[in-house]
Amino acid sequence: MPISSRAKKARVAGVLASATLLAAAIVPSFGGASSHREAPLISQDPAADATDFYMFRSPDAPDTVTFIANYVPFEDPAGGPNFYRFGDDVKYSIIIDDNGDNIDDTRFDFTFRTVVQNGQTFLYNTGPIGSLTDPNWNIRQYYTVTKTLSNGQTTVLGTDLPSPPNNIGPKSTPNYDALATSAIRTLPGGGKVFAGQRDDPFYVDLGAVFDLLTIRPGAPGNKGGGRDELSGINVLTIALQVPIASVTNNGIAPGFMNSEFGVIGARTTASRQSTRVLTAGATSSSGSY
């Protein structure tokens with residue numbers, strides 16, 4: 001699962017599927033949406049705001065499927081000194097339905113924790129960051145990956161996996177490609193995972209779209225008139241690559257159109273712990289998301 005410092009621009013949104021692994025998007029029964037701040041309520045909670053979700057058969061490993069869930073829209077790369085990070089109080093999930101009944105069959109949960117190495121400074125780094133263990137890197141994040149099946153069986157796939165630092169600049173992160181790549185971790189059973197900041201791959205002319213649906217001269221067909229308003233803007237990405245056979249209903253990687261269970265659907269969610277207020281006036285916090 002190679003990670004580049006600047007992802008190629010995707011020209012399509014939503015779920016991407018290869019011909020050999022058909023994929024269907026699941027519409028959750030409760031109703032929901034991802035956004036680049038388009039959904040009014042979640043726009044006030046960027047750490048839990050999913051922008052786009054992609055799924056495709058992995059070009060580098062055809063027997064695996066890759067899920068990419070992006071969060072926290074419109075991240076300015078120069079947004080320091082409090083650079084962007086995942087929410088410690090948010091559970092990020094990739095959820096899979098393997099038989100088309102719109103019921104969750106496999107769920108991968110990602111929870112994060114932030115560690116401040118030196119509480120005497122607010123700075124993100126105090127010198128060049130040469131590795132994921134460099135003492136100059138002050139504010140770090142680690143995450144846990146948990147897999148849960150529909151029968152309730154839960155398996156912790158990885159604990160305290162490192163999220164790489166943001167690409168701050170040539171002095172602070174002089175070899176960022178190598179630094180980000182070193183954060184890719186192998187999971188039990190042949191999977192791989194990465195969680196960190198990436199260039200937003202979505203292509204959209206947001207300035208025109210929300211200016212009363214303006215179509216710039218030259219469109220349609222993008223004949224020189226389209227603009228990528230997300231160029232140079234980042235998101236926080238969770239990239240998960242797992243064997244296809246581990247998420248299909250019958251436990252095999254299907255060939256082309258040879259199995260009714262070769263179709264899977266997936267979605268991403270972000271959730272926070274709920275709080276209940278008791279009628280007697282006492283307040284208790286539940287432990288579930």
For this session: For Gly196 and Ser163, work out which heavy atoms get closest and say how close.
Result: CA-OG, 3.7 Å

Problem set entry | Exercise: identify the closest heavy-atom pair between Ala47 and Tyr92 | O-OH, 2.7 Å

Seminar exercise, completed: Here the pair of heavy atoms bringing Asp134 nearest to Pro128 is OD2-O, 3.3 Å

Exercise. Do the side chain of Asn249 and the main chain of Asn99 share a donor and acceptor less than 3.5 angstrom apart?
Worked result: no

For this session: With the side chain counted from C-beta on, respond yes when Thr106 and Leu149 share a heavy-atom pair under 4.5 Å apart, and no when they do not.
Result: yes

Exercise. If only atom types and distance count, is the side chain of Asp98 paired as donor or acceptor with the main-chain N or O of Asp105 below 3.5 Å?
Worked result: no

Problem set entry | From CD1 (Ile233) to CZ (Phe202), nearest 0.5 Å | 14.5 Å

Problem set entry | Of Asp49, Thr268, Thr51, Asp52, the residue whose pairing with Tyr71 passes side chain to side chain contact (heavy atoms under 4.5 Å, CB included) | Thr268

Seminar exercise, completed: Heavy atoms of Leu132 and Pro164 approach each other most closely as CD2-CA, 4.0 Å

Exercise. Are the side chain of Arg185 and the backbone N or O of Val193 linked by a donor-acceptor pair below 3.5 Å?
Worked result: no

Exercise. Taking the side chain as C-beta and beyond, is there a heavy-atom pair between Tyr84 and Phe74 under 4.5 Å?
Worked result: no

Problem set entry | ring pair (Phe, Tyr, Trp, His ring centres under 6.0 Å) contacts touching residues 141-168 (sequence neighbours left out) | Phe112-Tyr143

Problem set entry | Full working for side-chain hydrogen bond (donor to acceptor under 3.5 Å, both in side chains) between Thr173 and Asn167 | CA-CA 6 Å; Thr173 48; Asn167 190 354; 3.1 Å; yes

Exercise. Can you check whether Phe67 reaches Ile96 side chain to side chain, under 4.5 Å on heavy atoms?
Worked result: yes

Problem set entry | Non-hydrogen side-chain atoms of Phe110 and Leu240 separated by less than 4.5 Å | yes

Exercise. Under the 3.5 angstrom rule, does the side chain of Thr144 hit a backbone N or O of Thr111 as a donor-acceptor pair?
Worked result: no

For this session: Indicate yes or no: at least one non-hydrogen side-chain atom of Thr148 is less than 4.5 angstrom from one of Thr154.
Result: yes

For this session: Specify the closest pair of heavy atoms between Val235 and Pro73, including all atoms of both residues, with the distance to one decimal.
Result: CG1-CA, 4.5 Å

For this session: Compare all side-chain heavy atoms of Ile139 with those of Pro165 and state whether any distance is below 4.5 angstrom.
Result: no

Exercise. Hey, is the main chain of Arg85 close enough, under 3.5 Å, to the side chain of Gln141 for a donor-acceptor pair?
Worked result: no

Problem set entry | Distance in Å, Asn70 CG paired with Leu236 CG, rounded so as to fall on 0.5 Å steps | 8.5 Å

For this session: Please list all pairs passing the salt bridge (Lys or Arg N to Asp or Glu O under 4.0 Å) test where one or both residues lie in residues 147-171, with sequence neighbours left out.
Result: Arg113-Asp160

Exercise. Is there any side chain to side chain donor-acceptor pair (under 3.5 Å) pair reaching into residues 115-130, and which pairs are they, with sequence neighbours excluded?
Worked result: Asn125-Ser172

Problem set entry | Side-chain touch Leu187/Leu161, heavy atoms, less than 4.5 angstrom | yes

Exercise. If you round to the nearest 0.5 Å, how far is OG1 of Thr237 from CG of Asp200?
Worked result: 8.0 Å

For this session: For the pair Thr64 (side chain) and Ile244 (backbone), establish whether a donor and an acceptor sit closer than 3.5 Å, ignoring hydrogens and angles.
Result: no

For this session: Please check if the side chain of Asn166 supplies one atom and the backbone of Ile168 the other of a donor-acceptor pair under 3.5 Å.
Result: no

Exercise. Which distance, rounded to the nearest 0.5 Å, do you find between the CG of Leu123 and the CG of Asn138?
Worked result: 7.5 Å

Exercise. Are any of the side-chain heavy atoms of Val247 and Phe108 separated by less than 4.5 Å?
Worked result: yes

Problem set entry | Shortest non-hydrogen contact between Arg57 and Pro62, atoms and distance | NE-O, 2.5 Å

Exercise. Got a second to check how far Ser182's OG is from Asn175's CG, nearest 0.5 Å?
Worked result: 9.5 Å

